[in-house]
Enquirer: 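First the structure, then my questions, so here it is.
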Amino acid sequence: METLDFYLCILYTAVHSYRSASLVKPLPDSISSLEELTAHFEDKTDSGSLSWLTRETTNYICQPFTPSLTSEFISQEEKYLPQFVLTIKAPREPEEFTRLSVAHGTRIAYHGTHTENVYSILKNGLAGHLNRRALFGSGIYLSSDLDIAYSFAQSGKTWPLSKLGGNMRCVLVCKVVKSVQVRVGKEKLSGISFDTGSLPHNYFVVENNDHVQITHVLIYTIPKKPGRSWLKTHGVLVLYVFLLLAVCLFTNQRKILKLFK
């Protein structure tokens, strides 16, 4: 259930993005429009909010991967330990990536992005041509340092009934092929020195989408703020009214006593 909860969270942030039309489509067959999907998320009743999740819809949301949500991850930086880790298991590794991996080898790198982009990325893969910033040239930007990737991971709200927390940010763990189509900032790779210009240290720019494959999603959650009680919300007003009544009673106590004589 936690795995489905995560997918609903990233779908929710995508639906509520100003770019929702491109981040969510194509829609599941059971959903006729983006407005209908939005309405389902706005239904916060326990029965209503989940009634639209048929088996076919659930399978579509989680495709093309067989995900497994755990809390196990090893990191050199303790402050970047995620609350959950989504293991991505593709039905079959792309043939081109497999061929390149065997020929050149791979290394691990991290990609931080806004939570609203994660659903589309998991459905369609990382794509360099969609990178709008491209400060150091076109391609998919990654880093060998988790802290760098984490700094680019912008948080998004989870869906209203999520058990994972109130907000969430995600970092993608990727296998990257060691080839000349992967520019590495101020490093040497496989004995080849690259002309990377001003590309910072520990930055990677993957110029070919076939050279990168997502393996895990590191999920960082922020607990929901507990609901404030009526007294906490209106405490100042109650105290003000109480003091006002006390002042009125004190200043008019003689008139009140006369009424009862």
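Owing to the predicted nature of the structure, the values given are computational and were not obtained by experimental measurement.
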Enquirer: Could you list the residues that satisfy side chain to side chain contact (heavy atoms under 4.5 Å, CB included) with T221, not counting sequence neighbours?
Expert: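 Per chain and number, T221 pairs via side chain to side chain contact (heavy atoms under 4.5 Å, CB included) with Q83, F84, L164, M168, I219.
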Enquirer: Nearest heavy-atom pair of D145 and Y110: which atoms, and what distance?
Expert: C-CD1, 4.0 Å
Enquirer: Flag the pair L172 / L126 as yes when at least one side-chain heavy-atom distance between them is below 4.5 Å, and no otherwise.
Expert: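 The answer is yes; the side chains approach within 4.5 Å.
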Enquirer: Using only atom types and a distance under 3.5 Å, with no angle test, would you say the side chain of D5 pairs donor to acceptor with the backbone of K163?
Expert: yes
Enquirer: Would you say T13's side chain and I10's backbone share a donor-acceptor pair under 3.5 angstrom?
Expert: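 Between the backbone of I10 and the side chain of T13 there is a qualifying donor-acceptor contact (under 3.5 Å).
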Enquirer: Kindly give the heavy-atom pair with the smallest separation between S101 and T106, and that separation in Å.
Expert: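 Scanning both residues, the minimum pair turns out to be OG-CG2, 3.4 Å.
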Enquirer: Restricting to non-hydrogen atoms, name the atom on E36 and the atom on S30 that form the minimum distance, rounded to 0.1 Å.
Expert: OE2-O, 3.9 Å
Enquirer: Scan for salt bridge (charged side-chain N to carboxylate O under 4.0 Å, His left out) pairs involving residues 214-223, sequence neighbours excluded, and state none if there are none.
Expert: none
Enquirer: Within the structure provided, determine whether V171 and H216 are in side-chain contact (heavy-atom separation under 4.5 Å).
Expert: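 No; the side chains remain at least 4.5 Å from each other.
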Enquirer: Do V212 and H111 have side chains that get closer than 4.5 Å, going by heavy atoms?
Expert: no
Enquirer: Using modelled atom types and a 3.5 Å cut-off, is there a donor and acceptor pairing between side-chain atoms of S143 and backbone atoms of A149?
Expert: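 No.
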Enquirer: Quick one: does any side-chain atom of T115 pair with a main-chain N or O of Q154 as donor and acceptor, under 3.5 Å?
Expert: yes
